[in-house]
Amino acid sequence: MESKITSSFIPRDTITTRAARVGGGGSGLLDILVLVGIVLLVASLALGIGTFLYMQFLKSSTSSKIEQINRAKAAFEPTLIAELTRLDDRMKAGEDLLHKHIAPSTILHVLEDLTLETVSFSSLEFEATGPDTIVVSLAGLARSVNSIALQADLFGKHSAIASPIFSNITREESGVRFDVTATINPASIRYVNSVAVSQGQSPTELEDLRGAVPAQPQPQEPVAVPEDEEVPVFGGNGAQ
Amino acid sequence: MMKTLTAILTLAVAAGVFFVYTRPAYQSIQAVQSDIAQYDRALEKAKELAELKQTLLSRYNTFSASSLERLNRLLPDHVDNVRLVLDLDGIASRYGMAIQNVIISRTDEKTQQQATVIGALSAQASTYDSLTLQFSTEGTYEDFVRFLQDLEASVRIVDLVSLKLEAGQQPTRDEKGKLSVVATERYKYDVTIRTYWLK
C-alpha cells in the first residue's frame, strides 16, 4: 500500500510562485516608467504652452514698443533737428573763423606810427600763408643809414613785429634804399582783439597798438633831408 | 506590452515637444527679450532727447530773426561769389576806387591743406569751405585803409590773404623838357582775400 504522505519537504508550487513574483516586479517598473513618461509629457506640454503664451506676450510687447519708438521719432521733427544741427554747425564754424579773422589795417596803423619822418616806404607786400604765418615785406628809402638803424630799433621793440630783417641797403643820390622783411605776431592783428580794444575791454595779448607805441629815441645826429619830396610815403606821421 | 509602449510613447512625445518646440522657442524668447531691452533703452534716450530738444528749442526761440539773418550772412550756405564781388565793388566805390581783374580760385587752400595727411583729414572734417578772390584796385592810401577796415568789419567774413601795394607812377616833363617818372599819391593794390561758406 502506497503511502499518501510525501517524504519531500519542498513545496511543489515553488517555481510557479517565484515566476509569478518575478512577473509582478516587471509590471511595477513599467508602471513607474509609464508614470514618469506621463509626468514628463504633461510637464513638457505645460512648458511648451507656457513658452508659447510668453512668446505671444513678448511679441505684443515688442510691437507696442516699436510703435512708441516710431511715435517718439515722429515727435522729433527731423526737419527741425536738421535746421538746429545746421545752425549749430554755422555757429561753431563762425566762432572758429571769427577767432582766426585778422584785421590787417592794424598793421598798417602800426607801420604809420612807427615809421620815422626820415624814412618812407614805396611798396609793401603782406602775405598771410596761414593763420599763424604772416609776413610783411617793405621797400623803403631813408635819409641816412642812421635812420635805418633807428627804424630797425623801433620795429624790433614793437610786440606786433617779430624779427625784422633789413637788407639790400644801397646809397643813392636821394638817400639810402633798403628792404625790410618781418613776421607779424598774429595775436596783435586778430580782429577780436582789436574790437576788444576799441570797446574798452581788456585785450588778451594785444598791446594798445595805436597808443602804447614805445617811446621813440631821437636820432643821434641830424639827418640830411633829401631834396626829392616826391617819394611816396605811407606812414611817417608817428615817430619823429 | 501595452504599458511598455505607453511609457516609450509618452517619453518620446515629451522629449519631442521639448526639443522641437520648447527649447528653440526659449532661445527666441531670449533674443526678443534682448531686443525689448534695447527698445527700452532707446525709449529712455528718446525721452532724454525730447527734454533736450525742448530746452534747445526754447533757446532757439530766443534768437531774433535779424540775428539769424546776420549769422546766415556771416557764413552763407553757398559761396555766392557774384554777390561778394558786388559787395566789394560797393565798398570800394564809396572811396572812389574800382575793383578790377577779379580772379576766383579754389585751388590755393586745397593744395596747401592736402599737402599732408593730417591736413587732408582736417579738411574733410571741416564744416566750411573757402574760396580765394584776387583783384586789383587803385586809390589813395587813406582811402584804401578805410576800404580795408570796412572789409575786415563786414558781416560776411573776409580774410586778407595777400596784399601788394605799390606807388603809382606818372611820366612828366620838367622845365627843361626832360622826361621823368614821378610817384603819384594814388597807389596800386593787388589784393587776395579768402571767403567762406558752410558746406
> Set out, in order, the CA-CA distance, both residues' side-chain angles and the distance that settles side chain to side chain contact (heavy atoms under 4.5 Å, CB included) for A:Ile102 and B:Asp159, then state yes or no.
CA-CA 6 Å; A:Ile102 55 170; B:Asp159 278 325; 4.1 Å; yes
> Of the listed residues (B:Thr140, B:Leu49, B:Thr6), which shares the most heavy-atom pairs with chain A below a 4.5 Å separation?
B:Leu49
> Hey, which of B:Asp35, B:Leu151, B:Ile36 has the most heavy atom pairs under 4.5 Å with chain A?
B:Ile36
> If I measure from the heavy atoms of chain B, does A:Phe76 come under 4.5 Å with its side chain, its backbone, both, or neither?
both
> As an exercise: rank A:Val36, A:Val136, A:Leu87 by heavy-atom pairs under 4.5 Å with chain B and give me the winner.
A:Leu87
> Under 4.5 Å, heavy atom to heavy atom: which of residues 51-62 of chain B reach chain A? Give them by number, or say none.
B:Lys53, B:Leu57, B:Tyr60
> Name all pairs fulfilling the side-chain hydrogen bond (donor to acceptor under 3.5 Å, both in side chains) condition that reach into residues 46-56 of chain A, sequence neighbours left out, sorted by first residue then second.
A:Tyr54-B:Gln33
> Check the pair B:Leu11, A:Leu40 against side chain to side chain contact (heavy atoms under 4.5 Å, CB included), reporting the backbone distance first and the verdict last.
CA-CA 7 Å; B:Leu11 284 171; A:Leu40 283 178; 3.4 Å; yes
> Looking at A:Ala103, A:Ala72, A:Ser137, which has the largest count of heavy-atom pairs under 4.5 Å with chain B?
A:Ala103
> What I'd like to find out is whether the side chain of B:Val145 reaches to under 4.5 Å of the side chain of A:His109, using heavy atoms alone.
yes
> Check each atom of B:Ala12 against the heavy atoms of chain A and say whether the ones under 4.5 Å are side chain, backbone, both or neither.
neither
> Less than 4.5 Å apart, any side-chain heavy atom of A:Arg90 and any of B:Asn72?
yes
> Working to the nearest 0.5 angstrom, can you tell me the gap between A:Ser105 OG and B:Phe147 CZ?
12.0 Å
> Of the backbone (N, CA, C, O) and the side chain (C-beta and beyond), which part of B:Ile8 lies under 4.5 Å from a heavy atom of chain A, both, or neither?
neither
> Taking atom CZ of B:Phe63 as the centre, report whether more than 12 heavy atoms of other residues, nucleotides or ligands fall under 6.0 Å from it.
yes
> If you count heavy-atom pairs within less than 4.5 Å of chain B, which of A:Arg86, A:Met91, A:Glu77 leads?
A:Arg86
> Using only atom types and a distance under 3.5 Å, with no angle test, would you say the side chain of A:Gln68 pairs donor to acceptor with the backbone of B:Leu43?
no
> Name the one of A:Leu30, A:Leu33, A:Leu29, A:Val34 that satisfies side chain to side chain contact (heavy atoms under 4.5 Å, CB included) with B:Thr4?
A:Leu30
> Tell me whether the count of non-hydrogen atoms from other residues, nucleotides or ligands lying under 6.0 Å of CD in A:Glu172 goes above 12.
yes
> Of the backbone (N, CA, C, O) and the side chain (C-beta and beyond), which part of A:Leu80 lies under 4.5 Å from a heavy atom of chain B, both, or neither?
side chain
> Measure distances from B:Leu74 to the heavy atoms of chain A and classify the residue's part below 4.5 Å as side chain, backbone, both or neither.
side chain
> About how many Å separate CG of B:Leu160 and CD1 of A:Ile134, when rounded to the nearest 0.5 Å?
9.0 Å
> Side-chain contact, heavy-atom cut-off 4.5 Å: A:Glu125 with B:Ser162?
no
> Where is the tightest heavy-atom contact between B:Val32 and A:Leu58, given as atom of each residue plus distance?
CG1-CB, 3.8 Å
> To check you understand the geometry: which heavy-atom pair defines the closest contact between B:Ala42 and A:Ile69, and what is its length?
CB-CD1, 4.1 Å
> Could you pull out the closest heavy-atom pair between B:Val158 and A:His101, with the gap in Å?
O-CE1, 3.0 Å
> Can you find a pair of side-chain heavy atoms, one from B:Leu163 and one from A:Leu124, that are under 4.5 Å apart?
yes
> Please enumerate all residues that pass ring pair (Phe, Tyr, Trp, His ring centres under 6.0 Å) together with B:Tyr189, with sequence neighbours excluded.
B:Phe144
> Donor-acceptor pairs are to be reported for all side-chain atoms of residues 13-28 of chain B against protein atoms at under 3.5 Å, with residues two or more places apart or in another chain.
| unit_1 | atom_1 | unit_2 | atom_2 | d |
| --- | --- | --- | --- | --- |
| B:Thr22 | OG1 | B:Val17 | O | 3.4 |
| B:Ser28 | OG | B:Pro24 | O | 3.1 |

> Name the region of A:Ala75, side chain, backbone, both or neither, that has any atom closer than 4.5 Å to a heavy atom of chain B.
backbone
> Let's test your reading of the structure: which of B:Leu9, B:Asp190, B:Leu71 forms the most heavy-atom pairs below 4.5 Å with chain A?
B:Leu71
> Could you measure the distance from the NZ atom of B:Lys3 to the CG atom of A:Leu35? Nearest 0.5 Å is fine.
11.0 Å
> Are more than 12 heavy atoms from other residues, nucleotides or ligands located less than 6.0 Å from atom CZ of B:Arg70?
no
> Go through the atoms of B:Val191 and report whether side chain, backbone, both or neither lie under 4.5 Å from a heavy atom of chain A.
neither
